[in-house]
Number of protein chains: 2
Amino acid sequence: MRTITDIKEMQNYSKEQKRNRKIIAFVPTMGNLHAGHISLVKTAKRKCDILVVSLFVNPTQFGAGEDFDSYPRIFKEDIIKLEREGVDIIFYPSEKEMYENSKTSVYVDEYSSILCGISRPSHFRGVTTVVAKLFNIVKPDIVLFGEKDAQQAFIIRKMVKDLNFDITIETREIIRESNGLAMSSRNSYLTDIQRKQASHIYKSLIGAKDLIRNGERDIENIKNYICKIIKDSGIEKIEYIEIVDDNNFNLIDSINGSVRILIAIYVGKTRLIDNIKVDV
Amino acid sequence: MRTITDIKEMQNYSKEQKRNRKIIAFVPTMGNLHAGHISLVKTAKRKCDILVVSLFVNPTQFGAGEDFDSYPRIFKEDIIKLEREGVDIIFYPSEKEMYENSKTSVYVDEYSSILCGISRPSHFRGVTTVVAKLFNIVKPDIVLFGEKDAQQAFIIRKMVKDLNFDITIETREIIRESNGLAMSSRNSYLTDIQRKQASHIYKSLIGAKDLIRNGERDIENIKNYICKIIKDSGIEKIEYIEIVDDNNFNLIDSINGSVRILIAIYVGKTRLIDNIKVDV
């Protein structure tokens with residue numbers, strides 16, 4: 001396994017691999033790897049000749065007052081985990097090299113200002129911009145994202161289609177802790193009590209899925225059901241509970257076809273998101 | 001020579017060429033080719049194994065009330081000219097395939113809202129977005145742009161650097177008609193009298209260059225000198241006369257180092273731009 005920090009070196013490496021007809025898979029991460037990331041890495045490994053994982057805590061996707069400074073950075077531990085998975089290249093650039101005097105951004109309109117985009121208005125612009133940069137640097141054929149960030153995955157697919165990146169985007173289902181809590185780097189901020197409270201997010205989603213499977217079609221009834229379970233757990237701040245058409249991420253009036261329920265809440269000061277797909 | 005209209009077919013062609021270690025040069029155009037374009041094509045031809053020219057009148061870089069509908073489309077004549085130059089591939093996509101349901105844009109902040117960006121606020125967003133798309137479709141190693149659109153060339157270089165496109169951008173000097181008028185597709189809108197008036201744009205730039213070479217350093221004096229020559233020619237509407245540092249496109253207070261004088265005027269209803277570089 002080799003660690004590359006220089007953008008030009010990464011590009012030249014990938015260019016040479018592609019000339020040799022190698023398939024490059026890529027898993028972009030902000031480090032602090034958990035079982036969710038490792039699941040993506042394992043899947044990616046089976047699909048390629050060369051596996052690249054990036055470790056870069058991207059400043060432009062954090063808003064003012066968010067946890068950029070305190071975001072866990074344990075790159076040495078991350079590297080050990082990645083070596084174990086047979087990763088070929090770790091791309092680990094500096095913030096300076098990525099953003100010095102940068103004025104350019106990539107923006108996916110409409111989908112970046114709903115759901116998480118309401119409370120985090122600059123977040124998805126930061127995500128799409130850094131992902132476009134990483135695509136141009138790593139030159140992957142296949143890129144894997146986790147479904148926990150379902151809106152992010154949808155927006156990246158849209159960017160790839162709209163800007164004609166010649167890349168296949170694949171997503172993998174959420175990996176959960178034993179109590180159902182979706183794996184997240186931010187789970188490390190939680191106390192034991194908070195972790196127990198947070199486990200009710202998934203319980204509410206599973207319950208809602210059952211409700212729908214049993215015939216419930218009213219959006220408000222489903223949201224109220226979820227809201228009650230979450231509030232009863234002691235979680236006080238719900239940012240949103242929304243249901244979208246999973247094919248186009250439009251908010252829907254009634255359940256029909258493939259839908260996705262998405263939740264963002266705060267446990268204490270820690271913001272957590274989760275979602276579940278329901279096919280009707 | 002082969003004409004490709006399908007995005008995926010173009011990508012697959014370029015992918016295969018790159019696997020075979022071919023160097024791809026690319027000249028993006030909106031068609032209606034003149035000697036300026038052909039000069040770029042000839043230069044590009046010498047630098048590559050495979051030469052791709054795109055013909056696409058890009059709707060998103062025209063503002064409301066601009067000349068998108070009347071923009072000259074003479075693709076059959078263009079294709080004959082390109083075949084003569086040994087072009088390998090003409091990429092000629094439909095508007096529908098390029099933009100159907102597109103929500104994504106690429107924007108270079110600061111530099112897109114000055115000079116031409118003042119009267120054409122959405123123009124450069126349209127340019128950078130379509131150029132990013134074409135880069136991802138054609139996968140060029142080298143791309144050539146004309147210096148007549150100096151601000152465009154600067155912005156594209158900035159986009160390439162900021163988004164890490166692994167592409168070399170080269171520019172070539174303005175090709176002029178015998179009376180000095182910069183070659184432009186829009187010159188076809190001019191009457192004989194207007195064409196004579198428009199020839200004074202270049203005369204004013206040459207005169208200003210001489211002024212600077214003879215020691216003039218005051219920006220206002222230089223602008224007033226240009227303004228007088230243009231007004232005396234009978235041209236009534238000057239959009240801007242500006243002088244920037246050629247290295248960073250910042251407006252400057254005094255002449256120092258490499259500068260560029262840029263002009264936008266209207267002859268009748270036809271908007272024309274021109275510029276000249278002056279090294280002090």
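Here is how names work: the chains are called A, B, and so on, in the same order as the sequence lines, proteins then strands, and each is numbered from 1.
Looking only at heavy-atom pairs under 4.5 Å with chain B, the residue among A:D109, A:N164, A:N12 that has the most is A:N164. Among A:K161, A:M98, A:E16, the residue with the largest count of heavy-atom pairs under 4.5 Å with chain B is A:E16. The candidate from A:K103, A:K139, A:Q11 with the greatest count of non-hydrogen atom pairs under 4.5 Å with chain B is A:K103.
The parts of B:K158 that come within reach of chain A are both its backbone and its side chain, each placing non-hydrogen atoms under 4.5 angstrom from that chain. Contact annotation for B:F135: neither backbone nor side-chain heavy atoms come within less than 4.5 Å of a heavy atom of chain A. Both the backbone and the side chain of A:L163 come within less than 4.5 Å of a heavy atom of chain B.
Relative to the six-membered ring of B:F56, B:R73 misses at least one condition, a distance below 6.0 Å or an angle of at most 45° to the axis. Under the 6.0 Å distance and 45° angle rule, A:K133 counts as a cation-pi partner of A:Y99.
The structure places CD1 of A:I155 at 8.5 Å from CG of A:L115, a figure rounded to the nearest 0.5 Å.
A salt bridge is absent between A:E83 and A:R2: the closest approach of a Lys/Arg side-chain nitrogen to an acidic carboxylate oxygen does not fall below 4.0 angstrom. Between B:D166 and A:K8 a salt bridge is recorded (basic side-chain N to carboxylate O distance below 4.0 Å).
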